Amino acid sequence: MYWADELASSVSGRQVVNDSKSPSGTVHIGSLRGVVLHDAIYRALRQAGLEAAFLYGVDDMDAMDSQALLTPDAVERYMGAPLSRVPAPEGSSAANYARHFVGQIFFRTFEPLGIKPEFYWVSDLYAAGRMDPYVKLALDRADRVRSIYLRVSHVERNSSWLPIQVICEQCGKIGTTYATEWDGSTVAYRCMPDLVSWARGCGHEGRVSPLGGRAKLPWNLEWAAKWGLLGVTIEGCGKDLATAGGSRDRSDAVSREVFEVEPPRNVAYEFLNIGGRKMSTSKGQGAAAHTIAEVLPPEQLRFLFLRPRPSQVIEFDPDGETIPRLFDEFDRIAAATAGREVKGELPTDYERLFAYSLLGPTPDVEAQANAFRPAFAHLALLLQIPGVEIEERVTAEKGAPLNELERSVLAERVAAARAWLESYAPERARLVIRRDAVPDEVRDLGDDQRAYLAALATAAETDKPGSGDAWQGLIFRVASEIELPSGRAFGALYAAFLGRANGPRAGWLLASLESAFVVERLRAAALATA
RNA sequence: GGGCCGGUAGCUCAACGGUAGAGCAAAUGACUCUUAAUCAUUAGGUUGAGGGUUCGAAUCCCUCCCGGCUCACCA
C-alpha cells in the first residue's frame with residue numbers, strides 16, 4: 001500500500017495535519033518536500049473518509065539569523081529581531097520581512113502545486129494571547145523543562161534559565177535576551193551583547209510580562225505548544241530534527257511532560273540533495289524553489305517528491321538527463337494508470353502515486369492518465385528548429401486533435417522545455433547549426449556518403465522541396481536511388497549541418513534553412529577531404 | 001564518541017525470507033517517413049566486507065568499512 005494511504009488507514013477520528021516553516025533566508029526547493037508530503041497525507045486522510053484539516057504555520061516570531069538578504073546597514077539593527085518586526089526589503093509591499101519572503105515567494109509556489117493549507121502566523125497566536133496558557137505552563141514548570149533538556153539531549157541549563165525569549169523593550173531583539181526570575185506575572189531579562197554570535201544585544205535590563213506577544217517560547221516548546229493549541233495529530237519533520245536526542249524528541253517530551261498532551265504522529269523524511277549535497281538555507285546554496293519550479297511543472301515536482309518513500313534521500317541533479325527522464329517516467333506511470341501497456345517494471349501502487357502527483361484536492365485521474373503527453377526531450381528538440389509549428393507537429397503525433405487538457409499540458413511543457421534549454425540542458429541536447437564552416441566531423445564520412453550529399457544537392461536544385469515533408473521524401477528517395485542505407489544518409493546530413501552523428505528529423509531541419517545555403521553546404525561537405 | 005538513514009548493473013532505483021529485475025546509458029541489427037523516434041537482440045552483478053540463523057538470505061541477527069545527516073547554539 002502507498003505509504004500515505006497506509007498512514008491514513010492506521011488512524012481514526014478527526015485528524016489535524018500541521019507543517020511549519022521559519023521564514024528566514026531563502027526558500028529552496030528542498031523545503032517543498034515537507035509541504036508536498038503533508039499535502040499527500042492530508043489527501044490520503046480525506047480519501048480514507050476521515051475528517052481532516054491541513055494547517056501551515058509561519059514561525060515569524062523567530063529571530064532574524066540570516067544576513068544574506070539584509071542590506072549591510074540593516075544587519076546591525078535587525079539581526080536577532082523577530083522576523084515579524086523586520087521591515088520588508090525595499091520595493092516590497094509586504095508588511096514585514098516574514099510576510100515578504102514567505103508570502104511573496106514561498107506561498108506562490110504552494111498555489112501552483114495545488115496545495116491549499118490553512119495558513120496561520122505564529123506572531124498572531126502570541127499577540128492574541130492564545131499561546132499564554134502554554135507560556136505560563138512552561139515558566140511554572142521550568143524545572144521540568146530543564147530536566148528534559150538534560151535527560152533527552154544532554155543539554156545542561158543553568159538553574160536560573162527560563163524557557164522564554166523576551167523581546168527587548170529597548171532594541172526590539174528577541175535572539176539576544178536571557179530571562180530569569182518568573183514571579184507569576186513578569187520575568188527579569190537582560191539583552192546580552194554576546195549571547196549569540198550572529199546578533200548583538202543592546203545591554204538593556206528590565207522586567208516585563210512575557211504574555212500577549214511580548215515574548216516567545218524557545219523552538220522546542222513552541223512546537224509542542226502549537227500541537228496542544230491546534231490539536232495537531234500528524235506532523236512530519238525533516239530527518240535533521242528527527243534524530244535521537246534531537247529536536248523532535250525534546251518537543252515530544254515537553255508535550256507529554258510539561259503540557260500533558262500526546263504529541264502528533266511523526267513522519268520523518270529525508271532531504272533532497274542537489275548533486276550529492278544537502279540544500280542549505282543558511283549557506284544560500286541550492287536552487288531556490290521558484291527556479292526549479294520554472295523547469296518542472298507542478299505535477300512533475302510533486303511526482304519527484306512522492307515517488308520515493310519519505311525515508312529515502314532524493315538525489316536530484318538538474319543537469320544532464322535528469323529532467324527529461326523525470327518527465328518520461330511520469331508519462332510512463334500515466335500510461336500505466338490509463339491501462340495501457342508499458343515497458344518495464346512499475347512501482348507498487350503506481351496509480352496512487354500518479355493520483356497524488358496530480359493537483360488536488362480531487363483531480364480527474366482518468367482524464368489526466370489518458371491525456372496525450374508529448375515527450376519532453378522531443379519537444380525540446382522541436383523548439384530549436386526554426387519554423388516548426390509545435391502544436392501541429394504534436395497533433396500529428398497524436399493522430400487526433402488535442403483536447404483542452406492536452407493543450408494546456410503542451411503549453412506547460414513548452415515553457416518548461418524552453419526554461420530547461422536555457423538553464424540545465426546539456427550541450428548535446430542543444431542544437432547548433434554550423435553555419436560558419438563545414439564541421440570537421442564530415443571527414444569521417446565515407447565516399448558513399450559524400451556521393452549521397454552531392455546527389456542530394458543536385459536533386460534539391462531540380463525538385464526545390466519547399467516543406468519538411470518534401471525534404472524528408474527527397475532524402476529517402478535519393479538514398480534509395482544510390483542504394484545507400486538510410487541510416488548512413490541521415491548520418492551524413494547530421495555531420496554536414498550539425499557536426500554530430502544524429503539529430504532531429506532531418507527533412508524539417510533542412511526545410512527551416514534557406515535552400516541556397518543547404519545546397520551549398522551539401523556540395524561543400526561532399527567535397528571535404530579526409 | 002552516540003543516533004538515524006542509506007550502500008543492489010555505468011547512472012537512477014525495484015525486489016524486503018523462496019530462481020537478483022526494470023528504466024536510462026552502452027553494443028548490435030531493422031526501418032521509404034516522429035532517424036535523439038520506434039522495434040528487435042546482446043552485454044553488464046560474489047546485492048559494501050566478514051561471520052551467524054535457515055532447507056533457502058540482497059532481505060533476519062552480529063561485527064566492521066564507506067557515504068549523508070544529526071546529537072553544542074539557533075531555528
Side-chain angles (χ1 to χ4, degrees), chain A residues 20-25 59 61-66 80 83 149 152-156 165 174-176 195-199 216 218-220 222-223 238-250 268-271 273 276-278 280-282 307-317 320-322 324-326 328-329 332-333 342-348 374-375 377-382 384 393-394 396-399 428-429 431 468-481 485-491 493-494 498 500-509:
Chain A
S20 50
K21 167 79 188 147
S22 178
S24 175
D59 297 332
M61 277 288 272
D62 293 357
M64 180 75 171
D65 64 354
S66 160
L83 288 157
Y149 272 56
V152 177
S153 303
H154 308 287
V155 175
E156 188 158 9
Q165 293 178 308
I174 196 169
T176 52
L195 183 69
V196 292
S197 59
W198 41 270
K216 81 180 281 287
W219 154 253
N220 292 281
E222 185 173 284
W223 203 5
K239 72 106 167 271
D240 52 336
L241 305 179
T243 188
S247 268
R248 182 67 182 226
D249 277 359
R250 245 175 294 162
Y269 52 84
E270 261 287 358
F271 292 123
N273 291 342
R277 286 195 302 180
K278 181 200 171 190
S280 168
T281 304
S282 54
R307 180 174 44 171
R309 290 183 302 269
S311 64
Q312 185 77 231
V313 186
I314 300 175
E315 297 287 351
F316 184 76
D317 183 355
E321 299 298 314
T322 306
R325 273 204 222 156
L326 186 66
D328 291 347
E329 182 64 7
R332 204 171 68 93
I333 301 290
V342 295
K343 285 203 318 184
E345 291 173 355
L346 290 165
T348 45
H378 189 214
L379 268 189
L381 200 62
L382 290 177
Q384 297 178 82
R393 291 283 305 124
V394 171
E397 278 174 37
K398 185 196 173 191
R428 59 205 201 85
L431 202 61
D469 277 332
W471 266 108
Q472 193 80 353
L474 191 63
I475 287 165
F476 276 103
R477 206 190 76 212
V478 174
S480 98
E481 276 168 13
S486 51
R488 287 184 69 72
F490 280 101
L493 290 173
Y494 296 130
L498 304 172
R500 48 199 291 168
N502 45 35
R505 207 180 176 204
W508 293 78
L509 180 67

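Here is the naming used below: chain letters follow the sequence lines, and residue numbers restart at 1 for every chain. Computed from a prediction, not measured in an experiment: that's the story for all the values here.
Shown here are the ring-ring contact (aromatic ring centres under 6.0 Å, His included) partners of A/Phe490, two or more places apart in sequence or in another chain: A/Phe476. Partners of A/Thr322 according to the side chain to side chain contact (heavy atoms under 4.5 Å, CB included) rule, which considers only residues two or more places apart in sequence or in another chain, are A/Phe316, A/Asp317. Remark: A/Val313 pairs with A/Glu270, A/Asn273, A/Glu315 by the side chain to side chain contact (heavy atoms under 4.5 Å, CB included) rule, at least two apart or across chains. With sequence neighbours left out, A/Glu222 forms a side-chain hydrogen bond (donor to acceptor under 3.5 Å, both in side chains) with A/Tyr126, A/Lys216. Contacts of A/Arg325 classified as side-chain hydrogen bond (donor to acceptor under 3.5 Å, both in side chains), with partners at least two apart in sequence or in another chain: none. Scored by the side-chain hydrogen bond (donor to acceptor under 3.5 Å, both in side chains) test, A/Glu481 finds A/Arg477 as partners (sequence neighbours excluded). Contacts of A/Arg332 classified as salt bridge (charged side-chain N to carboxylate O under 4.0 Å, His left out), with partners at least two apart in sequence or in another chain: A/Glu329. With sequence neighbours excluded, the residues satisfying ring-ring contact (aromatic ring centres under 6.0 Å, His included) with A/Trp223 are A/Trp219, A/Trp227. Partners of A/Arg248 according to the salt bridge (charged side-chain N to carboxylate O under 4.0 Å, His left out) rule, which considers only residues two or more places apart in sequence or in another chain, are A/Asp252.
Across the protein-nucleic acid pair, A/Met64 atom CE and B/rA75 atom C1' stand 13 Å apart, rounded to whole Å.
Both A/Leu381 and A/Asp328 lie close to RNA chain B; mapped to their nearest nucleotides by heavy-atom distance, the more 5′-ward contact belongs to A/Asp328.
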>> Both atom distances under 3.5 Å, Watson-Crick or G-U wobble: I'd like the secondary structure of RNA chain B as a dot-bracket string, with | for pairs made across strands.
In response: (((((((..((((....[..)))).(((((.......))))).....(((((..]....))))))))))))....
> In the 5'-to-3' direction, what one-character label does each nucleotide of nucleotides 28-35 of chain B receive under the scheme B = base within less than 4.0 Å of a protein heavy atom, S = sugar-phosphate only, - = no such atom?
Replying inline: ----BBBB
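Candidate nucleotides B/rA75, B/rC24, B/rU70 were compared by shortest atom distance to the side chain of A/Arg325, and B/rC24 ranks first.
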>> Run A/Tyr149 and A/Asn220 through side-chain contact (heavy atoms from CB on, under 4.5 Å) and show every step you take.
In response: CA-CA 10 Å; A/Tyr149 272 56; A/Asn220 292 281; 3.8 Å; yes
Expected rows: protein N/O vs nucleotides 5-8 of chain B N/O, under 3.5 Å:
from  : atom 1 : to       : atom 2 : distance (Å)
B/rC5 : O2'    : A/Ser311 : O      : 3.1

